S.K.: 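Got a structure here, written out as structure tokens. Questions coming.
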Number of protein chains: 2
Amino acid sequence: MPRAGLTPERVAREAADVADELGFDRLTLAAVAQRLGVRLPSLYKHIDSLDGLRRDVAVLGTVQLTQAITDAAVGRSGEAALHALATAYRDFARGHPGRYAASVRAPDPGDAEHVKAADAALRIVLAVLAGYGLTGEDAIDATRSLRAALHGFVTLEAAGGFGMPRDVDRSFDRFLTSFDTTVRNWSGRTR
Amino acid sequence: MPRAGLTPERVAREAADVADELGFDRLTLAAVAQRLGVRLPSLYKHIDSLDGLRRDVAVLGTVQLTQAITDAAVGRSGEAALHALATAYRDFARGHPGRYAASVRAPDPGDAEHVKAADAALRIVLAVLAGYGLTGEDAIDATRSLRAALHGFVTLEAAGGFGMPRDVDRSFDRFLTSFDTTVRNWSGRTR
DNA sequence: CCGCTCTGGCTAACTCCGTTAGCTTTGCGG
DNA sequence: CCGCAAAGCTAACGGAGTTAGCCAGAGCGG
């Protein structure tokens, strides 16, 4: 029996692919093992458990998502940065639904690597909003609103929750424009 | 062996309770049967399958969520209605996380009862936004933004995704105020 | 070049869950 | 009072995750 040459990274990557194709909740050790041409128990030489593998996918997804939005936002500011970041976020969620779903679960506070990856993503969003002059509590509130809206949007889109015929791209664009206006007046109290 | 007097409704309600307590993804026929004081296969006299039971919980959750936001919004308009609806939405999601998670999955188009429940919820949101003078495509875009933001907010809150110490209630309130402003100027193009 | 060890793969076995088949008994309608 | 549909049961199966223990092969020291 020739060695397959597996590593924890290789297994996590294959698991992420499975999650993308079948859905994160359908990620199964049996499927991963089959794709790697290996019997199921052999995976345990590289992972802790199914839950551990899920965490590995979450970290991988978070890192890649962070990379995507960083690449998009770098070199831009203001609305251009916001638009680029949001588009990259949505594209990632659509292109890698399994990784994306995994990345949403909050990291275990004791899991340094996972926490670090999540923090990096957060920092990018804060940096973009800093370009609007937001800092401190305002920045936190605005970040939460943006993350919530982005997450909700891509989740509902993925779940098919937008039953109406209206083009989703245009709704997304409209939302971004509105959010830009909102955040621009964030501390200005337009009311 | 005395009869337990189960009905499909009774089973669905117990399943919803299990989902609320353990999480929708941990909903298991074994747990439901045990709580009802019945052997697992007996459930099949009242349900189709685990997936069918999940659908039942989804319908129950959607109906109850719709009821909650309807009660909150009725008799109010404008920002008061928006605020009441959003608060009721968030409260429901926090009080019944399992039912809420179930309600997010888009209904099977051929499932009339489920589709009807989902439509009812949507209509309430549209009605509240109609109070801002939004109709047609603007109303659809705004509805999507509101639903996305609400959903994203409660999901991230439930997942513990708001790691920052800042009070979540205040962030939510801030978000609502901003959204009110945004939707008020939706077609006004404040830019 | 030989042998030792460590490691990555394997098989076997167990548990738990969902599902189906078929039996038994209850309780209601005629 | 009798019969029958329905509600509950036991038995059995398959598939998933997990653990234990075996075995071969790659790489290293001598």
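Protein chains get the first letters and strands the later ones, always in sequence-line order, with residue 1 at the start of each. Fair warning: this is a prediction, and the values are worked out from it, not measured in the lab.
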S.K.: Between R90(B) and E157(B), does the salt bridge (charged side-chain N to carboxylate O under 4.0 Å, His left out) criterion hold? Intermediate values first, please.
M.R.: CA-CA 10 Å; R90(B) 180 167 170 237; E157(B) 184 178 14; 3.0 Å; yes
S.K.: Would you mind reading off the distance between I47(A) atom CD1 and dG17(D) atom C1', rounded to a whole angstrom?
M.R.: 9 Å
S.K.: Do any side-chain nitrogens or oxygens of H46(B) fall under 4.0 Å of OP1 or OP2 in dA6(D)?
M.R.: no
S.K.: Under 4.0 Å, heavy atom to any atom of DNA chain D: which of residues 6-17 of chain A qualify?
M.R.: none
S.K.: Determine whether the aromatic ring centres of residues Y100(A) and Y89(A) are separated by less than 6.0 angstrom.
M.R.: yes
S.K.: Please answer: with hydrophobic residues joined when any side-chain heavy atoms are less than 4.5 Å apart, are I124(A) and L146(A) in the same cluster?
M.R.: yes
S.K.: So for atom CZ, which belongs to R26(A), do other residues, nucleotides or ligands contribute more than 12 heavy atoms lying within a distance under 6.0 Å?
M.R.: no
S.K.: Shortest non-hydrogen contact from F175(A) to S145(B)?
M.R.: CB-OG, 3.3 Å
S.K.: What's the shortest heavy-atom distance between R13(B) and L60(B), and which atoms?
M.R.: CA-CD2, 4.0 Å
S.K.: Nearest 0.5 Å, what's the CG-CZ distance between L150(B) and R147(B)?
M.R.: 9.5 Å
S.K.: What nucleotide among dT19(C), dG17(D), dC10(C) has an atom nearest to a side-chain atom of L40(B)?
M.R.: dT19(C)
S.K.: Between residues 23-32 of chain A and DNA chain D, which residues have a heavy-atom gap below 4.0 Å?
M.R.: T28(A), L29(A), A30(A)
S.K.: Would a line drawn from the ring center of F92(B) to the ring center of H96(B) be shorter than 6.0 Å?
M.R.: yes
S.K.: To the nearest 0.5 Å, what is the distance between CG on L126(A) and CG on L134(A)?
M.R.: 10.0 Å
S.K.: Following the transitive rule for hydrophobic clusters with a side-chain heavy-atom cut-off under 4.5 Å over Ile, Leu, Val, Met, Phe, Trp and Tyr, establish whether V104(B) and L85(B) coincide in one cluster.
M.R.: yes
S.K.: What is the distance, rounded to the nearest whole Å, between atom CZ of R39(B) and atom P of dT20(C)?
M.R.: 20 Å
S.K.: Mind calculating the distance between CD (Q34(B)) and P (dC16(C)) to the nearest angstrom?
M.R.: 12 Å
S.K.: Taking only the side-chain heavy atoms of L50(B) (C-beta and beyond), determine which of dT19(C), dC9(D), dG9(C) contains the nearest atom.
M.R.: dT19(C)
S.K.: Pairs under 3.5 angstrom, nitrogen or oxygen only, protein versus nucleotides 19-23 of chain D, please.
M.R.:
none

S.K.: Answer with yes or no after comparing the ring centroid distance for F162(B) and F153(B) against a 6.0 Å cut-off, counting only values under it.
M.R.: yes
